[in-house]
There are 4 protein chains.
Amino acid sequence: MDKAYIQQLLELDGESVKLTEKKAAILAKAIENFAEKGYAATSTSEIAKQAGVAEGTIFRHYPSKKDLLMAIVKPGILKLIVPYFADQMIQEVLDPEKVELEELLRAFIYNRVKFVKKNTLMVRIILQEIAFHQEIQEAFKQTFLTKIYPKVVEKLKELQQEGKLNEYPIDTTLRFILSTVMGFLLHRYILLSEPIKNEEQEIEQMIQLILDGLHYNHRSE
Amino acid sequence: MDKAYIQQLLELDGESVKLTEKKAAILAKAIENFAEKGYAATSTSEIAKQAGVAEGTIFRHYPSKKDLLMAIVKPGILKLIVPYFADQMIQEVLDPEKVELEELLRAFIYNRVKFVKKNTLMVRIILQEIAFHQEIQEAFKQTFLTKIYPKVVEKLKELQQEGKLNEYPIDTTLRFILSTVMGFLLHRYILLSEPIKNEEQEIEQMIQLILDGLHYNHRSE
Amino acid sequence: MDKAYIQQLLELDGESVKLTEKKAAILAKAIENFAEKGYAATSTSEIAKQAGVAEGTIFRHYPSKKDLLMAIVKPGILKLIVPYFADQMIQEVLDPEKVELEELLRAFIYNRVKFVKKNTLMVRIILQEIAFHQEIQEAFKQTFLTKIYPKVVEKLKELQQEGKLNEYPIDTTLRFILSTVMGFLLHRYILLSEPIKNEEQEIEQMIQLILDGLHYNHRSE
Amino acid sequence: MDKAYIQQLLELDGESVKLTEKKAAILAKAIENFAEKGYAATSTSEIAKQAGVAEGTIFRHYPSKKDLLMAIVKPGILKLIVPYFADQMIQEVLDPEKVELEELLRAFIYNRVKFVKKNTLMVRIILQEIAFHQEIQEAFKQTFLTKIYPKVVEKLKELQQEGKLNEYPIDTTLRFILSTVMGFLLHRYILLSEPIKNEEQEIEQMIQLILDGLHYNHRSE
DNA sequence: GATGAATGAGATTTCATTCAT
DNA sequence: AATGAATGAAATCTCATTCAT
């Protein structure tokens, strides 16, 4: 994990954060340790030693150990929940004229797969610590409800009205999609250490399963 | 959490464990605290104080804090993974004559819902700690691969041969079912604190989604 | 270390002590552990476990850990300092008619060699603990000054008057003999673990060295 | 025990160690307590309190209690075994032209007497702990065999060839000298608390005893 | 006599945090 | 900004001893 990686990891709204070498080193080692052993089982002195800085230096930048955690986790939550639409595929899909659930789903999934693969440690930290820190829970809920939920509900309602989606309650459908995708991501990229052999094939199968589950079959039209 | 509850929680193979009052109190408070704050953030002195015993008493029964964790987690893993087929519904389903995927699924889901509702704290501890303790990971993997996986694969293959299931690879189907059910359980019973309003309705919807996803439609026969 | 050995080890004035099996087991394991790790670094629970008795049982026989130590050490001091004149050689030597320094010395040395070889662990414990326990120091000093010192001084004075010994102060001579013999015993039987090859030859050389050091040469007469 | 004393006590190869005031205080109190009560019976909290530092401070400098012991004992072993030839007497003796066993012995003894008187506590600690710590035993053996034994054997062989020493095996002679001198040192400076009245006279008598024991009499030539 | 669960004081060690330099 | 010695509270664990059975 070099400085540039840390920098893009923690940037918000495309604005890069300024990082000294030492600060970057601290963050890098904090991320590694939090991911591997958990926040509570990681000591600041260990981070300092691994980062090659004095113990006091950490506290110069982050008033407390918890602040260090939040400095890492907060940008992570935002990026995990709110896809950053830089890639081509998702840009096309958002073009409202030609939207189809399948394409939307495919774009979303590939985008999140890419994100999780690139930010495995960060995602791991968020998952591991969310149960223990109310601040993280609230940041998560808050971000989801304001940044994503309304847009997604709107889009799904549209599809429902166009007869392209079943008549189940939106929330049930959404939970179904999210828990299936999240289950896949966690299982394949966070829990397992072995790389996946037929990644694309697996993803396509999952998409079909979800679409079938939603009675959505564009091929039958 | 009274002694009787702890006792059934930790029993293995139906053999009840012998617990003194103090030991039960220690386990009860350990479970509560591990679930709420995590293993690493829970101190033995806190457990002792809450359980009304001297700190030394904990270490008389469990040589180390980690032993205390494992005493709780090991029976939990087994029971979480291997359903204990005591209830009526699942007994009927296992009757090989009339097995149908839908009934099997329904029985499995209700059985696990019941288990998770009854053992929320324990399930929470397993989930939270599995990432940090290799022993737990291995116990989990081991138990799953030896006790459950072979039987389930066999049953699904049967269904496939009878044309009652799609032709996707068994592992993909299995992961789909498990991650959907687990996603539901986690979301509804572990993460959320609010009780569910239309529990049965939600479960039935999920069953239909999964069945549709698997191209399994007994109604069309 | 069986019960009979412990019994003779702790007997005083030829009167055997009564020992139950448990008591003997406790003493045996206490001796082993005190000798190997030292009194302070040995725990009573370890002794209990090794002896196959309950922790409380030790305290039923010995009110405190220190009492257990003293029960072992006190008879040991007495026997280490005051030779128990059972063997033939020393009996003959004490016959006043024919006493010669060389014979006296030889008898004394062989007698103590025998004792130390038989009671290595006990001697080790005394040596190791004497620095830390005033009670042991005093028992040692007391025993030496009352039971041995006067007799030895008297004998040496006799020899001096007969011209069979140098004219140095008795105390200097005595210290020379004792520290040489003790140095030998410690070095050969307590510190070293390897058995000695030419034991008798070594002892005879030491005797000659001491005699020469004391200007005592009966052969020149 | 002031900082300067600790400094020279722990220096190796004439290179002084850097000591903060606190570190010196910790070492001073550790030495006092280890010497008086033994390592196992001394608590770090006692040392901290007496040294006027927080308990954590000890562990900042010495990762474990055992490290603290070894920091004290290791330089001590070296200096106890390997005389540091700073004083006049020993320098002269090492001048090969005029070496005589008597002078060599006298220089060695006075040098070690001086050392033991100056470093009583340290010597006491080494003696008391050597039985319990394999590390110390090995450091001792190692240091003796590599730094001292070969030189001394060579010198004694020379003397033997010149007919200035008996024909006993070198090892026997060496053990005789060392155990006599060590016995004297231990007895007079470590075990006894009272100061010696006629120190020089006692030492000279001991020298004569040893020389006579070795059949070495340069006056008769 | 024997047990062993229970105690609570205290041992070693860890760790987030402070602060003088 | 950076250091790292120092802190002291708290963490895990040990242990001699007691006591009800």
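Keep in mind the model is a prediction, meaning the values are calculated, not measured.
One atom, CD1 of I47(C), and another, P of dT3(E), lie 15 Å apart when rounded to the nearest Å. Rounded to an integer number of Å, the gap from CG of L69(D) to P of dT13(E) is 12 Å. Here dC15(F) presents its P atom at 13 Å from CD of Q50(C), a figure rounded to the nearest Å. In this structure, Y62(B) places its OH atom 17 Å from C1' of dT12(F), rounding to the nearest Å. Between E55(B) atom CD and dA6(E) atom P the separation is 15 Å, expressed in whole Å. Between the CD1 atom of I58(B) and the C1' atom of dA9(E) there is a distance of 16 Å, rounded to whole Å. Between the NZ atom of K49(C) and the P atom of dT3(E) there is a distance of 15 Å, rounded to whole Å. Remark: C1' of dC15(E) and CZ of F59(D) are 13 Å apart, rounded to the nearest angstrom.
With hydrogens and angles ignored, the 3.5 Å screen pairs a side-chain donor or acceptor of D2(C) with a backbone N or O of Y5(C).
By the neighbour-count criterion of 12 heavy atoms within 6.0 Å, atom NZ of K37(B) is densely surrounded, having more than that number from other residues, nucleotides or ligands. At most 12 heavy atoms of other shown residues, nucleotides or ligands fall within 6.0 angstrom of atom NZ in K49(D).
With both pairing distances under 3.5 Å, dA6(F) is matched to dT17(E) as a Watson-Crick or G-U wobble pair. Base pairing annotation: dA1(F) forms no Watson-Crick or G-U wobble pair, as no partner gives both donor-acceptor distances under 3.5 Å.
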Start with the C-alpha distance between Q134(B) and E138(B), add both sets of side-chain angles, then the distance that settles side-chain hydrogen bond (donor to acceptor under 3.5 Å, both in side chains), and finish with yes or no.
CA-CA 6 Å; Q134(B) 228 190 323; E138(B) 267 153 32; 3.3 Å; yes
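Among the protein residues, T20(C) comes within range of no part of the nucleic acid, since none of its heavy atoms lies under 4.0 Å from any strand. Among the heavy atoms of the strands lying under 4.0 Å from S43(B) are primed sugar atoms or P, OP1, OP2 only; no base atom is included.
Two residues, G56(D) and K66(C), neighbour DNA chain F, and the one matched to the more 5' nucleotide by heavy-atom proximity is G56(D). The nearest heavy atom of DNA chain F to T57(D) and to A40(C) marks one nucleotide each, and the one closer to the 5' end goes with T57(D). Residues P63(D) and H61(B) both approach DNA chain E. Their nearest nucleotides, taken by heavy-atom distance, put H61(B) toward the 5′ side.
Here S45(A) does not reach the OP1 or OP2 of dC15(E): none of its side-chain N or O atoms lies under 4.0 Å away. Side-chain N/O atoms of K22(A) include one lying less than 4.0 angstrom from OP1 or OP2 on dT3(F). Between R60(C) and the phosphate of dG1(E), there is no side-chain N or O to OP1/OP2 separation shorter than 4.0 Å. For T44(B), no side-chain nitrogen or oxygen approaches OP1 or OP2 of dA11(F) to under 4.0 Å.
Between H61(D) and K22(D), the side chains place no donor N or O within less than 3.5 Å of an acceptor N or O (distance only, hydrogens not considered).
Taking the side chain of A54(A) as heavy atoms from C-beta on, and the options dC13(F), dT7(E), dG4(F), the nearest nucleotide is dG4(F).
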